[in-house]
Each structure stands twice: as structure tokens, then as C-alpha cells.
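Read through the structure below, which is laid out as C-alpha cells, and then see the notes.
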Amino acid sequence: MTEPEDERVRAERAIAERFRRGDETVLREVFDRYGGLVHRVGVACLPSHHDAEDATQATFVAAWRGRETYDPARGTLPAWLLGIARRQAVDRQRVLRRQQNLATATFHQAGPGYSEEPSPERVVDRLVILDELRRLTDEQRRVVELAFFDDLTHLQIAGVTGLPLGTVKSHLRRGLARLRTRWEVDGAARGSRPAGAPRSR
Amino acid sequence: MQHVDPDQLALLALGESVDLGDGSAVNGHLRQCGRCRDEFESLQHTVDLAREAVEHRDTPPPSEAVWSRIATEVGIGLRPTDLPQPDSPGPFQPPVPRSAQLPVQLPAQPPVQPPVQLFGQHRAAESGTRRTGRRRRWVRPVAALVAALAIGAVGTLGALRPWRTDPAPAAASAATLAAVAGGPGGARGRAVVERGPGGLVLRISAAGLPLQQGYFEVWVFDGKRGMVSIGVLGADSTASLPLPPTLDLRRYHVVDISQEQYDGNQTHSQTSVLRGSLTE
């Protein structure tokens, strides 16, 4: 049961292939396309804009130098970049913590949902989902975003968009399942479950 | 056991309240059925992550300056695109005709006369011409000659314009020199511009350079086509090189170190081993 692929998905695969092959001209395209995603990790996890820019720079440099280790079979290019960005953020947090000589308790998040000092893992998980949202069809994305960000019920979404109720429910179910799958595959912890029983297959 | 309808699970995960009639049955089932509970919890977690992601949507993208530093550090985009890479099994290179390759070079010579004087000299020679038309015909080749001189010696005119009025660049700028993609990976170095008794000096220290029969040459590069040769490294991979007093370091802000052979060719070998941008 495969959905028809977007032009966008095709373009992204082509870019990933050129990147892996070491085509120099593609690094700028990769920066333009995924720079925002990568930069969000630093901005969310590090105290200053300078630190975030430093982390973003280090991420793309490390990615380029390690491009031969990127395996398209194991995940998308943005997911791979987010993994590097996460490690850069973690390393910098560690250094900053040491420099400031604060007790580590201040920097540990209390658990999932703690929002004051997000862990890089949590940030990456969020960004993976944000990135996958862009890959949904326009109609699917519109419905899902109305549910996520505007808190509309499926009835309200049907009213606002004029779509049949069945279509709205289908978009929500399939869209959410797709985002969940993306998180399982590309999330920071590679498929670890939230607090609760492990998922049985 | 009847499992929960997937459509309904999605709505529940989104936080919608379910019909009271269905509600207690659904909750009861979720309490008992591990499979549906897992499904529900993972969907709910996905919703939580998505809702948390809102705060990241408005983050502005990284600036052009960040790209600039990335490109410099990995050695991309600093050469004209028609220059070949140093031989290496890595990056894919489009084939390039050899003639299009050399960056503009500045030979180590006293500065060329500014074109204004040259033009003036030529005009003086044709003062005997009466007809305007003929003079115009002379003017065109002279203009072409001047233009050719300008293109051929843009390094000269750019770097050593005797009539430049900008103040000398600030001293105490420095660059970390990083290994160039395709070059010796262990190479590293530092370049510092200092003010000495005789003017500005570029001090280089490097390590991890490959042993070879030739020598290492130090250049400053404007990021496009202009390069100025500053000197060579000593046996200990260091150098203290005087900089021309009129050199515009804001323009020629990239320090490049190349591997050279004794081939009598004074142009850049195209094999860079270290590169970095000077910053305050």
C-alpha cells in the first residue's frame, strides 16, 4: 500500500544521492533546504545565537566530511543531519555546563514534556515530525495542522475545509500514522517507546 | 475482542472526546488490550511532539555568514567553478578544459603603470592625426589594450593600486587554517596578521603537512579569482611574511597554502593543503 510520491520526495532523494556521491555543488542546496531544520536544534538547546550558529556550522562541516557514511537505506538525509546536529548540541551543552560549573540537576529535563530546557533528543523528535509534515499531501497537511495547531475537532475541520467527514477522518488517521512511523524510524532514540509498555509487533 | 477503530484511536490521540456511548467501552478495551493501548500511546506521543514543535516553527534560518564559514571550512565555492580539484578519490568532478583553469595571477614585480598614463602616452604619439575618425580608430585599440591589461593584471590593480585611499587594514586578525577537502586530512594551521616595525606581517604556523619534494606557498585569496602570493613556508612549516603595505586584506581575506613543485611555474598549482578566512 504505497502512496504516490511527491515531486518533493523525488527531488529530496536526488539531492541525497548527489550529497552522498560528494557533488560539491549540492552542499549549498542541502544548506538551503535543511539549514533551518538543523539550526532549530541549536537555537532550542543552546543559550546564545552564537552557540547555535557555531553548532549549525559544525553540523554541516561534519556532514560533508562524513558524507560517505550517510546510507540512504537507513533514513532520509534530513534525519541524518538532525542526528549530527543533536550530537553537536549535546557536546556543546556539556562544555557549557562544565564552564558554568552548575550542578547537573539544573540541566536534566524532568521527563517527557518538560519544556524549560528541552533535551536535544526531544527537540530532534519534534523536528523530525515537523519535517515529515512537509511531506504530507497538501490536503492531508492542512487537515492535520488544523487538528494539531488549531485544536479543531474533525467535525470543525470538515466544516472549515468543506471536505467530507470520512475524508477528514482518513487524513487524520493516515497522517498521524505516517508521522508516528517517521518518528519511530528517524527519532533521536530510534524507536524507543514513551513511558508505558513496549510496542508489540 | 473487538479492537478500537483506527479512525477513533486517532481522534482520541488528538484529544477529542468520544461519544459517551462509545467512551466507556473504548476505555475498558484500552485497559485490557495491550496492542490497542500501545497504538494509542504512540499516536498520542506523536501528537504531543507535534504540538511542542510549534515553538520551533518561527526560528529564523541560519544566516548567509554561517554558509560562508561552512564553505570556507570545507573548501567549497572558493575556487572558480572551472578549476579542477586536487586529485583525490572523493568528490565528483565535471570535466574541464585545461585552458579555463588558471586563477588570475600576480607575478612578483614592481607595480604596473596605471592605465591612465598608458593611454596618455599613446594619445601623445598620435597628436599628428588630423581627422577625428582616425583618432577614434586609434582610441579603440588602446582601450582594448588597457582593458586587456586591466583583466590580465587585475591582481595588480586590485591589490596594489597606488591611488588607493582606504586606510591600512586593522592588524591582529587571524585565521584558523583547516585541511582542504581532498587534501591531507591531518593538516592544520594558524595564520595571524601582526603589526611589526616595518609594517604588517603574516605569521603562519602549520602542522601535519605531507613530506614532499617541493615547497609550500602562502597566498591570500579574494574568494573569487584573485590571488596574491605572499611567500613560502620554512622547513618547520612556519613563516613570517611581510605583507605589501597597500594590500587590501578585507578583500584578500582568505589565506591559502598550496603544495608547489619546482616546475618554474609561478601560478598556483591548484593543490591547496590549508585554507582559512581572516577574522578580527
Side-chain angles (χ1 to χ4, degrees), chain A residues 18 21-25 27-28 31-32 35-36 38-40 42-44 52-53 56-57 60-61 64-65 68 112-113 115 118 122-123 125-130 133 144-145 147-149 151 153-154 166 169-170 172-177 179-180 183-184 187 193-200, chain B residues 5-11 13-17 34-35 37-77 79 81 85 88-94 178-179 181-182 185:
Chain A
R18 282 165 61 205
R21 276 197 339 239
D23 176 358
E24 265 194 10
T25 62
L27 186 58
R28 177 73 211 227
F31 178 80
D32 287 340
V38 163
H39 197 53
R40 281 163 175 159
V43 168
E53 289 203 334
T56 298
Q57 178 185 343
F60 279 97
V61 169
W64 180 249
R65 289 183 174 156
E68 282 161 31
S115 60
R122 187 82 180 183
V123 171
D125 281 350
R126 298 172 188 169
L127 294 178
V128 159
I129 287 183
L130 212 54
L133 267 176
V144 166
E145 287 186 350
F148 281 170
F149 306 135
D151 282 324
T153 66
H154 65 292
K169 287 208 275 191
S170 170
L172 289 176
R173 173 173 54 83
R174 295 171 70 175
L176 199 48
L179 296 175
R180 191 257 316 270
W183 163 65
E184 285 178 346
R193 306 256 51 82
R199 183 183 178 77
S200 51
Chain B
D5 176 58
D7 280 357
Q8 263 203 333
L9 269 188
L11 298 181
L14 284 162
E16 289 196 33
S17 47
R35 185 179 123 177
R37 191 168 55 242
D38 283 350
E39 180 79 7
F40 169 70
E41 283 176 354
S42 64
L43 289 175
Q44 198 179 43
H45 187 62
T46 304
V47 172
D48 289 344
L49 289 173
R51 285 180 171 153
E52 287 168 22
V54 171
E55 72 176 73
H56 302 302
R57 283 176 115 190
D58 290 335
T59 302
S63 64
E64 191 63 26
V66 175
W67 164 251
S68 205
R69 293 195 283 271
I70 292 167
T72 302
E73 200 175 333
V74 303
I76 280 177
R79 303 186 177 84
T81 49
Q85 294 280 332
S88 77
F92 164 76
Q93 289 305 314

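Sequence lines set the chain letters: A, B, ... in the order given, protein chains first and strands last, and positions in each chain run from 1.
Residue A:Gly36 comes nearest to B:Pro62 through the heavy atom pair N-CD, 3.8 Å, listed as atom of the first residue, atom of the second, then distance. A:Arg40 and B:His56 make their closest contact through NE-O, 2.7 Å (heavy atoms, listed as atom of the first residue, atom of the second, distance). When all heavy atoms are compared, the tightest approach of B:Ala10 to A:Arg173 is CB-CA, 3.8 Å. Residues A:Ala147 and B:Arg51 share a closest heavy-atom pair of O-NH2, 3.0 Å. Residues B:Ala179 and A:Arg65 approach most closely at O-NH2, 3.9 Å, considering heavy atoms.
Residue contact with chain B, scored on non-hydrogen atoms closer than 4.5 Å, involves the backbone and the side chain of A:Phe148 alike. Residue contact with chain B, scored on non-hydrogen atoms closer than 4.5 Å, involves the side chain of A:Leu130 exclusively. Using a 4.5 Å cut-off between heavy atoms, A:Leu176 contacts chain B through both its backbone and its side chain. Heavy-atom distances place no part of A:Arg18 under 4.5 Å from chain B, backbone and side chain included. Heavy atoms of B:Leu14 lying under 4.5 Å from chain A belong exclusively to its side chain. When heavy atoms are compared at a cutoff of 4.5 Å, B:Ala65 does not approach chain A at all.
Put simply, the side chain of B:Glu73 never gets that close to the backbone of A:Val61: no donor and acceptor are under 3.5 Å apart.
The candidate from B:Pro61, B:Pro60, B:Ala13, B:Ala53 with the greatest count of non-hydrogen atom pairs under 4.5 Å with chain A is B:Ala53. Ranked by non-hydrogen atom pairs under 4.5 Å with chain B, the options A:Leu172, A:Val43, A:Thr153, A:Val38 are led by A:Thr153. With chain A as partner, the option from B:Thr59, B:Val74, B:Leu9, B:Ile70 having the largest number of non-hydrogen pairs under 4.5 angstrom is B:Ile70.
Defined by atom type and a distance below 3.5 Å, a donor-acceptor pair is present between the side-chain atoms of A:Arg180 and B:Ser42.
Going from atom CD1 of B:Ile76 over to atom CH2 of A:Trp64 covers 4.5 Å, rounded to the nearest 0.5 Å. With rounding to the nearest 0.5 angstrom, the CG atom of A:Leu127 is 12.0 Å from the CZ atom of B:Arg57. Here the OG1 atom belonging to B:Thr46 is positioned 14.0 Å from the CZ atom belonging to A:Arg126, to the nearest 0.5 angstrom.
You'll find the side chain of A:Arg122 reaches within 4.5 Å of the side chain of B:Leu49, heavy atoms only. Residues A:Phe31 and B:Val66 have side chains in contact (heavy-atom distance under 4.5 Å, counting atoms from C-beta outward).
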